[in-house]
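Below: one structure, written as structure tokens.
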Amino acid sequence: MRVKICGITRDEDGEAIARMGANALGFICVPSSPRYVGVGQIRQMVDRLHSWRVGAIGVFANVGTEAISQVVREAGLTGVQLHGDETPEFCDRLRVELADGIEIIKAFRIKSEADLERTRLYRDRVDTFLLDAYHPGQLGGTGRQLDWTLLDRFDPGVPWLLAGGLNPDNVLTAIARARPTGIDLSSGVERSPGIKDLAKVARLFEQLGARGQHRP
Ligand SMILES: O=C(O)c1ccccc1N[C@@H]1O[C@H](COP(=O)(O)O)[C@@H](O)[C@H]1O
């Protein structure tokens, strides 16, 4: 099970979480978010993580391909997460702009079967899907769960991360129900926005390890 912990803003949190076995860390590049981090700060954190085999994913929403690829280069990111209303054609253009090997994750904010259907349009254009809950006024990091019962027959044919309101208490139920290839957590392992609760992160990895869902 791939585990991504998102909304990292502090060097020490990133390093501790990488040490616990996270496969990827997420850095929010959306200026309106309380978890926003600038490119210089991300670069500093990425440099500090070089001895850990951990991916560094920048989270973007509704910005141009050039701006994204500039941040990817300057910050040393291994991937991008598109959390806005990016079209399939936008993903094609971004692919051309990015260096080979940079992962593109498309996030979908799910409120109905129709939203799941729409993911098909992206299947050959991105590397990974991420399913988050819909919120009318916020793009992400809301702590809201999506309706896992909608996912009973979801089998997109590409790797996909389940996100949205996951925490150490509900993660095993979520995995059993939705059967994702990975999970993504942010506010469910925080003390306050952008400040991770390392005890909660440790409990998450204990839970996953005990059920054979994750090996660092
Ligand atoms: O975390 C944010 O502030 C954020 C802002 C804009 C877009 C995405 C954001 N976070 C993503 O939201 C999901 C779910 O978060 P949560 O676990 O429900 O708190 C996660 O994928 C983050 O990457």
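Counting starts at 1 for both ligands and their atoms, in listed order. Note that the coordinates shown come from a computational prediction; the quantities given were computed from them, not determined experimentally.
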Count the heavy atoms of every other residue, nucleotide or ligand shown that sit under 6.0 Å from CZ of Arg120, and state whether that count exceeds 12. no
When only distance counts, is Gly165 in polar contact with ligand 1, meaning an N/O pair under 3.5 Å? yes
Nearest non-hydrogen protein atom to atom 21 (O) of ligand 1, with distance, is Asp184 OD2, 2.5 Å
Tell me, which pairs form a ring pair (Phe, Tyr, Trp, His ring centres under 6.0 Å) where one or both residues lie in residues 137-182, sequence neighbours left out? Phe154-Trp160
Ala107 and His83 have their tightest heavy-atom pair at CB-ND1, 3.3 Å
Looking at Glu66, I want to see if its CD is surrounded by more than 12 non-hydrogen atoms of other residues, nucleotides or ligands under 6.0 Å. no
Kindly write out the residues that satisfy ring-ring contact (aromatic ring centres under 6.0 Å, His included) with Tyr122, not counting sequence neighbours, or none if the list is empty. Phe108
Give the atom numbers and elements of ligand 1 that come within less than 4.0 Å of a heavy atom of Thr142. 18 (O), 19 (O)
Exactly one candidate in Val80, Val158, Leu82, Asp127 meets side chain to side chain contact (heavy atoms under 4.5 Å, CB included) with Lys106; the answer is Leu82
Quick one: does Gly141 get an N or O within less than 3.5 Å of an N or O on ligand 1? yes
Ignoring angles and geometry beyond distance, decide whether Gly143 reaches within less than 3.5 Å of ligand 1 through its nitrogen or oxygen atoms. yes
Tell me the protein heavy atom at minimum distance from atom 13 (C) of ligand 1, and give that distance in Å. Asp132 OD2, 3.3 Å
Can you name the nearest heavy-atom pair linking Arg43 to Glu74, along with the distance? CD-O, 2.8 Å
Specify side chain, backbone, both or neither for Gln138, according to which of its non-hydrogen atoms lie closer than 4.0 Å to ligand 1. neither
Protein contact of atom 22 (C) of ligand 1 - nearest heavy atom, named by residue and atom, plus distance: Cys6 SG, 3.7 Å
Contacting atoms of ligand 1, where contact means under 4.0 angstrom from a heavy atom of Ala163: 21 (O)
Does Glu190 come within less than 4.0 angstrom of ligand 1, counting non-hydrogen atoms of the residue? no
For Gly7, state whether at least one heavy atom is located under 4.0 Å from any atom of ligand 1. no
Just to confirm my output: which protein heavy-atom neighbour is closest to atom 17 (O) of ligand 1, and how far is it? Ser186 N, 3.1 Å
Inspect the contact between Glu89 and Arg93 and indicate whether a charged nitrogen and a carboxylate oxygen are less than 4.0 angstrom apart. no
Among protein heavy atoms, which sits nearest to atom 2 (C) of ligand 1, and what does the distance come to when rounded to 0.1 Å? Arg35 NH1, 3.4 Å
Please name the pair of heavy atoms, one in Asn62 and one in Glu86, separated by the smallest distance, quoted to 0.1 Å. N-OE2, 2.9 Å
For Leu25, the option from Thr78, Leu49, Ile57 that meets side chain to side chain contact (heavy atoms under 4.5 Å, CB included): Leu49
Should one rank Gly188, Ser33, Gly84 by closest heavy-atom distance to atom 5 (C) of ligand 1, which comes out on top? Ser33
Counting heavy atoms only, which part of Ser187 comes closer than 4.0 Å to ligand 1: side chain, backbone, both or neither? both
Which ligand 1 atoms does Gly164 reach within 4.0 Å, using its non-hydrogen atoms? 14 (C), 18 (O)
